[in-house]
Visitor: 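Okay, handing you the structure first.
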Amino acid sequence: MPEANLPKTYDPAGTEARWQQAWEASGAFHPDPGALGEPFSVVIPPPNVTGSLHMGHAFNTALIDTIVRFQRLRGRNVLCLPGTDHASIAVQTILEKQLNAGGQRKEDLGREAFLERAWEWKAGSGGTIVGQLRRLGYSVDWQRERFTLDAGCSAAVIEAFNRLHEQGLIYRGEYLVNWCPASGSAVSDLEVEMKEVDGHLWHFRYPLSAPATAAAAIGRTHLEVATTRPETLLGDTAVAVNPSDPRYAALVGQTLTLPLVGRQIPIVADEHVEAEFGTGCVKVTPAHDPNDFAIGQRHQLPLITVIAKDGTMNAAAGRFAGLDRFAARQAVVAAMEAEGCLVKVEPYRHSVPFSDRGKVPVEPLLSTQWFVQAEPLAARCREALANPSGAEPLFVPERWSKVYRDWLTDIRDWCISRQLWWGHRIPAWFVVSETGGAISDSTPYVVARDQAEAQAKAEAQFGTGTHAHPVVLEQDPDVLDTWFSSGLWPFSTLGWPGERAQGAPGGPEPADLARWYPTSVLVTGFDIIFFWVARMTMMASALMQDGEIPVGGRDTWMPFRDVYIHGLVRDENNRKMSKSAGNGIDPLLLIERYGADALRFALVREVAGAGQDIRLDYDRKSDTSATVEGARNFANKLWNATRFALMNLGGETPASLGEPEPAALQLADRWILSRLARVNQGTAERYTGYGLGEAAKGLYEFAWNEVCDWYLELIKRRLQDPAQQRTARQVLAKVLSELLVMLHPLMPHLSEELWHGLSGEAESTFLALQSWPALNEAALNDQLEASFAELIEAIRVVRNLRAVAGLKPSQSAPVRFLTVRSELAALLREATADITALTRAERVEVLSPEQAEAASSAKGNQRALAGVSGELQVLLPIEGLVDLDALRGRLEKDLAKAEKEIKGLAGRLANPNFAGKAPPAVVAECRANLAEAEAQAALARKRLADLG
RNA sequence: GCGCGAUUAGCUCAGCGGUAGAGCGCCUGCCUUACAAGCAGGAUGUCGCUGGUUCGAAACCGGCAUCGCGCACCA
């Protein structure tokens with residue numbers, strides 16, 4: 001930053017790029033685990049490699065970076081570790097689309113070639129978001145950047161799978177899973193979204209197999225059932241009624257003949273059925289509905305799958321085989337109608353499970369998958385919350401801990417296998433030599449860390465004695481849920497398992513893991529508490545403790561001490577921003593227009609700390625945002641304040657100027673130094689306690705409304721005076737340079753730039769690596785701050801009177817203050833020169849009431865403009881210039897205000913309970929205020945009377 | 001159905017027991033050699049409704065309304 005001829009406006013573009021490059025090239029954010037300083041670590045929520053930067057990332061980044069930059073200034077050994085997530089389904093979808101466009105399917109390429117392409121794609125477009133994150137000025141250690149599918153994370157996944165399997169926490173089995181026909185894979189419960197859909201409720205008649213008996217018992221020959229999914233009828237294996245429903249009690253145990261199919265199906269009694277709903281009879285399709293599956297389990301009903309994995313009807317659907325499930329729905333209804341079994345059709349709004357990714361209804365399907373047994377892991381996490389040991393995760397805001405705990409209660413097992421190619425291939429090998437080459441649900445398998453270990457294990461188990469043939473293995477073709485690897489993120493990225501792999505617990509830990517695990521804080525949006533936060537704590541509960549003792553003897557196995565949950569960024573219409581809704585606001589556009597610092601500051605300033613969503617105002621026609629513009633203006637204000645300093649420090653720096661001599665400090669100096677100390681204290685507290693928005697607001701107000709509006713104005717005169725300028729320069733340099741340090745976490749580029757300009761430090765030295773300014777407690781002075789506020793108010797009153805009088809800013813006028821309080825009079829006298837400068841006073845007089853009394857009879861004084869502030873009366877004794885109507889208006893306004901106040905205060909004091917029960921200090925204050933208001937009213941009346 | 005949050009100036013939001021605040025927008029006047037992305041001055045509110053607690057409620061408690069979110073879900 002050149003010292004002379006600075007442009008009048010700050011141009012972020014060049015500045016930001018320059019510092020980003022300098023920081024990264026210097027390794028400023030690449031910490032040494034052996035370095036001094038208490039460790040502070042954060043792993044960033046890894047964005048999806050397919051993604052591009054959206055406002056949510058920008059928000060999350062702004063918060064994390066503010067925190068870690070602050071901790072760095074505080075002298076902690078900070079690691080902030082970035083990375084991306086491989087996003088199985090998303091990447092595979094992109095690639096398959098590309099293939100399809102060329103008329104190919106992935107099967108034509110084969111797995112290996114397909115994966116090669118995937119890695120090529122990742123090398124090319126996969127880095128987009130990482131480049132974009134850099135543009136925010138993210139102070140992460142790019143040298144430690146990780147990817148959930150890199151060698152280290154893959155080793156962690158294999159190790160984790162093996163250990164969980166050894167602990168009996170991973171199992172393989174055939175269950176009803178959420179099947180996404182669009183992606184051709186199972187998905188977990190969390191990846192299913194219930195959506196309200198307008199559908200129909202079809203009422204069908206199922207004839208009883210023994211109509212005569214039934215007719216005798218209940219007077220009819222059939223039962224009526226209702227369904228929203230007629231196609232599943234083909235897989236029905238029962239009809240259920242409530243056991244205490246008197247209408248059907250006699251029929252339980254009898255059978256029905258399933259229309260279209262002819263199968264004999266029993267009538268069972270099950271508590272799940274609500275007698276009040278519909279006819280009280282439910283068709284049961286255990287292979288295609290989770291509730292029915294449960295009923296089926298309770299009654300040992302057969303499972304008949306009629307829908308295939310591609311969403312079409314299978315052979316078991318008979319004449320409907322081959323039809324798409326939705327076409328089959330119409331066909332079944334038509335067939336039922338033809339058979340006279342359709343009773344009626346009603347429009348019906350109900351919830352349908354949709355696949356998050358595929359955007360099609362999921363099909364509950366019976367299939368063999370791998371699962372993580374969730375309850376034992378969840379139990380440990382719940383316990384950690386319920387028995388606070390100081391090591392449990394602290395949620396900010398606290399209410400989210402309940403959301404987290406509730407989800408961990410009554411948790412269901414987690415389906416982790418995906419029928420995809422891009423991802424971590426499941427480290428399980430089928431012993432196909434046992435089955436003649438085929439893989440079926442019953443094929444034996446071994447879980448191992450690699451092929452060789454699998455071979456050894458399998459040979460030990462199957463290759464001996466009776467088995468004549470050699471053991472042949474085939475690895476499970478499926479991959480793991482991406483969230484499985486994300487769940488290991490806080491330790492896999494730090495080097496776990498390192499040498500502890502290969503089942504050798506007790507080996508040395510990677511230095512990073514030893515130094516930085518557990519991480520200090522996790523910062524993320526509430527929308528992924530279940531997906532990610534809970535999965536990380538569950539994984540850690542199983543993997544990061546050896547028996548009772550956490551790995552490495554740490555105080556906790558929890559992957560983070562604090563969990564700072566923030567809201568979502570919503571659009572100007574309060575809608576969640578999403579790609580599909582097309583209402584996203586491109587952060588890059590805002591960065592280009594206003595600068596990354598402005599965007600960051602705007603986002604952080606909007607967040608109050610309650611974890612509330614933030615609504616970002618935005619004008620889509622012009623791509624502008626008033627909120628971000630305001631932050632940009634603030635950046636410009638700081639730029640100009642520094643510019644002013646550079647023009648007035650005489651080429652000196654904060655270091656060369658040194659600390660000011662206490663005895664030489666003037667009123668304004670002592671005031672701003674007190675304010676500086678207070679802001680230092682408050683800001684550090686807020687940064688530490690996740691009050692980031694408040695920190696930002698506090699600094700904004702201090703910088704703009706105190707330093708710029710008052711202090712800079714007050715010292716302009718002294719800076720021109722060689723006899724007085726040194727102290728003013730010293731204080732100015734100190735205030736500004738410390739302000740820049742405090743602002744650095746929020747506006748890193750601008751503060752870095754201005755700090756260099758001010759300090760003259762070499763480009764290789766960084767503000768980012770300086771120390772938080774020492775708190776000067778001796779400078780704190782409540783009394784002084786209160787007095788100064790009175791002075792400011794006095795000046796405001798004068799300015800207001802001048803405006804009322806219609807004085808031009810260039811015109812000067814005399815100012816006269818009247819007060820009974822001697823301290824106030826003294827203050828005003830001390831500040832006479834300041835008042836003169838800031839009010840264009842011709843002369844400033846400070847009179848005692850006695851003097852004022854004498855003066856009031858003097859000529860012209862009756863016609864003075866009068867204003868009141870507290871115990872201070874302000875007069876502008878100007879003749880000839882006064883607009884009498886304006887003057888009267890001003891006085892009437894003062895009077896009305898005072899009278900309103902008197903009414904309120906007198907009313908309160910008149911209440912005997914108030915004086916009796918309120919704290920004495922409050923009562924005293926009330927009395928004082930009343931006296932003041934009465935004095936004000938009296939003055940205003942007198943002046944009005946003088947006017948005639 | 002269960003739970004959570006929000007409701008304060010035209011807009012976006014602070015305030016969370018002691019007489020209503022900020023930014024933007026609006027009105028008036030200023031290119032005052034740091035800044036017009038600025039400066040000075042000004043106007044603007046039955047603090048969603050309703051009971052209660054209290055000397056005192058925007059704030060605390062109960063109910064209601066509206067909006068939003070999460071979880072569960074009956075075919």
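In what follows, chains carry the letters A, B, and so on, assigned in the order in which the sequence lines appear, proteins first and then strands, with residues in each chain numbered from 1. Computation of the quantities below employed the complete heavy-atom set of this structure, encompassing side-chain atoms and omitting hydrogens, waters and symmetry-equivalent molecules.
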Visitor: So which nucleotide does B:C16 pair with, by the Watson-Crick or G-U wobble rule with both distances under 3.5 Å?
Guide: none
Visitor: Does B:A34 have its OP1 or OP2 closer than 4.0 Å to a side-chain nitrogen or oxygen of A:K716?
Guide: yes
Visitor: Of the nucleotides B:G38, B:G41, B:G23, which one has an atom closest to the side chain of A:K637?
Guide: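 Comparing B:G38, B:G41, B:G23 against the side chain of A:K637, the answer is B:G38.
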Visitor: Can you find a side chain N or O atom of A:K402 that sits less than 4.0 Å from OP1 or OP2 on B:G70?
Guide: no
Visitor: Check whether the side chain of A:E713 and the base of B:A34 form a donor-acceptor pair under 3.5 Å.
Guide: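 For A:E713, whose side chain was compared with the base of B:A34, there is a donor-acceptor pair (under 3.5 Å).
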Visitor: State whether a side-chain donor-acceptor pair under 3.5 Å links A:E346 with A:H203.
Guide: yes
Visitor: Round to a whole Å and report the spacing from CZ of A:R840 to C1' of B:C30.
Guide: 11 Å
Visitor: Would a distance-only check, ignoring hydrogens and angles, find a side-chain to backbone donor-acceptor pair under 3.5 Å from A:R205 to A:L342?
Guide: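 No, because the side chain of A:R205 does not come within donor-acceptor range (under 3.5 Å) of the backbone of A:L342.
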Visitor: Just the rounded figure in Å: distance from P of B:C24 to CG of A:D617.
Guide: 12 Å
Visitor: Look at the side chain of A:K808 and decide which nucleotide, out of B:C30, B:G15, B:G18, has an atom nearest to it.
Guide: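 Side chain of A:K808 sits closest to B:C30.
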Visitor: Using the P atom as the reference point in each nucleotide, state the distance between B:G70 and B:G48 in Å, no decimals.
Guide: 25 Å
Visitor: Tell me which nucleotide among B:A75, B:U12, B:A34 gets nearest to the side chain of A:Y348.
Guide: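 Of the candidates, B:A75 comes closest.
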Visitor: To the side chain of A:R412, which of B:A72, B:A40, B:A37 is closest?
Guide: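 The answer is B:A72.
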Visitor: Considering only the P atoms, how many Å lie between B:C61 and B:G68, rounded to the nearest integer?
Guide: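 Straight-line distance between the two P atoms is 25 Å.
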Visitor: The side chain of A:F526 lies closest to which of these nucleotides: B:C69, B:A34, B:C4?
Guide: B:C69
Visitor: What does B:C47 pair with, Watson-Crick or G-U, if both distances are under 3.5 Å?
Guide: none
Visitor: Both distances under 3.5 Å, Watson-Crick or G-U wobble: report the partner of B:A34, or none.
Guide: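 The base-pairing partner of B:A34, which may sit in any strand shown, does not exist here.
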Visitor: Taking the ring centre of each residue, are A:W407 and A:F530 less than 6.0 Å apart?
Guide: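 When the ring centroids of A:W407 and A:F530 are compared, they turn out to be within the sub-6.0 Å range.
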Visitor: Using Watson-Crick or G-U wobble geometry with both distances below 3.5 Å, tell me the partner of B:G23, or none.
Guide: B:C11
Visitor: Select base, sugar-phosphate, or nothing to describe what A:V225 touches, counting heavy atoms under 4.0 Å on all strands.
Guide: nothing
Visitor: May I ask which nucleotide in the shown strands pairs with B:A75, Watson-Crick or G-U wobble, both distances under 3.5 Å?
Guide: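 Per the H-bond distance test, none.
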Visitor: Counting only side-chain heavy atoms from C-beta out, which of B:G23, B:A14, B:C24 sits nearest to A:K697?
Guide: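 Taking heavy atoms from C-beta onward, the closest nucleotide is B:A14.
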Visitor: I'd like to know if A:K897 and A:E899 make a salt bridge, using a cut-off of under 4.0 Å between side-chain N and carboxylate O.
Guide: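 So A:K897 does not pair with A:E899 through a salt bridge.
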Visitor: Nearest to the A:V273 side chain among B:U19, B:C69, B:A75, which nucleotide is it?
Guide: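 Ranking B:U19, B:C69, B:A75 by closest atom to the A:V273 side chain puts B:A75 first.
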Visitor: Between A:H350 and A:P12, which residue's closest nucleotide on RNA chain B lies nearer the 5′ terminus?
Guide: A:P12
Visitor: Between B:G25 and B:C39, how far apart are the P atoms? Round to whole Å, please.
Guide: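 Each nucleotide's P atom is 12 Å from the other's.
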Visitor: Does A:K8 make a side-chain donor-acceptor contact with the base of B:C35, cut-off 3.5 Å?
Guide: no
Visitor: Taking everything shown except A:D619 itself, do over 12 heavy atoms lie less than 6.0 Å from its CG?
Guide: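 Buried by this count: over 12 neighbours within 6.0 Å.
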Visitor: Less than 4.0 Å between a side-chain N and a carboxylate O, is that true for A:R632 and A:D597?
Guide: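 Not counted as a salt bridge, because no side-chain N and carboxylate O are separated by less than 4.0 Å.
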Visitor: Indicate whether OP1 or OP2 belonging to B:G3 is found under 4.0 Å from a side-chain N or O atom of A:W400.
Guide: no
Visitor: Using OP1 and OP2 only, check whether a side-chain N or O of A:R615 sits under 4.0 Å from B:C13.
Guide: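 Yes, A:R615 has a side-chain N/O under 4.0 Å of OP1/OP2 on B:C13.
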Visitor: Both distances below 3.5 Å, Watson-Crick or wobble geometry, any strand: find the nucleotide opposite B:C67.
Guide: B:G5
Visitor: Picking from B:G23, B:A75, B:A37, which would you name as closest to the side chain of A:N633?
Guide: B:A37
Visitor: Pick the C1' atom in B:G17 and in B:G56, then give their distance to the nearest Å.
Guide: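 It comes out at 8 Å once rounded to the nearest Å.
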Visitor: Which base sits across from B:G29 as a Watson-Crick or G-U pair, both distances under 3.5 Å?
Guide: B:C39
Visitor: Starting at CG of A:L638 and ending at C1' of B:A37, how long is that distance when rounded to a whole Å?
Guide: 12 Å
Visitor: Under 4.0 Å between a side-chain N/O of A:R796 and OP1 or OP2 of B:G41, yes or no?
Guide: yes
Visitor: Between A:Y700 and A:E925, which has a closest nucleotide on RNA chain B that is more 5'?
Guide: A:E925
Visitor: What's the gap between B:G45 and B:G51 when it is taken at their P atoms, as a whole Å value?
Guide: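 Roughly 24 Å separates the two P atoms.
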Visitor: For a quick check under 3.5 Å, do A:Y248 and A:N242 share a side-chain donor-acceptor pair by atom type?
Guide: no
Visitor: Figure out the CD1/C1' separation between A:I265 and B:A75, and round it to whole Å.
Guide: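 From A:I265 CD1 to B:A75 C1': 14 Å.
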Visitor: Using a 4.0 Å heavy-atom cut-off, does A:Y10 contact any base of the nucleic acid, only the sugar-phosphate backbone, or nothing at all?
Guide: base
Visitor: Determine whether a donor-acceptor pair (N or O, by modelled atom type, separation under 3.5 Å) exists between the side chain of A:D292 and the backbone of A:P286.
Guide: no
Visitor: Picking from B:G18, B:A34, B:C71, which would you name as closest to the side chain of A:F530?
Guide: B:C71
Visitor: Looking at the base of B:A40, is there any donor atom on it, or on the side chain of A:R799, that sits under 3.5 Å from an acceptor on the other one?
Guide: no
Visitor: Nearest to the side chain of A:E701, heavy atoms from C-beta on, is which of B:A22, B:A75, B:C35?
Guide: B:A22
Visitor: With both distances under 3.5 Å as the test, what is the Watson-Crick or G-U wobble partner of B:C60?
Guide: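 Per the H-bond distance test, B:G52.
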Visitor: Give me the distance, rounded to whole Å, that separates B:G15 from B:A59 when you measure between the P atoms they each carry.
Guide: 14 Å
Visitor: Distance check, C1' atoms only: B:U7 and B:U46, in whole angstrom units.
Guide: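 The answer is 16 Å between these two C1' atoms.
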Visitor: Given the P atoms of B:C69 and B:G23, what is the spacing between them in whole Å?
Guide: 32 Å
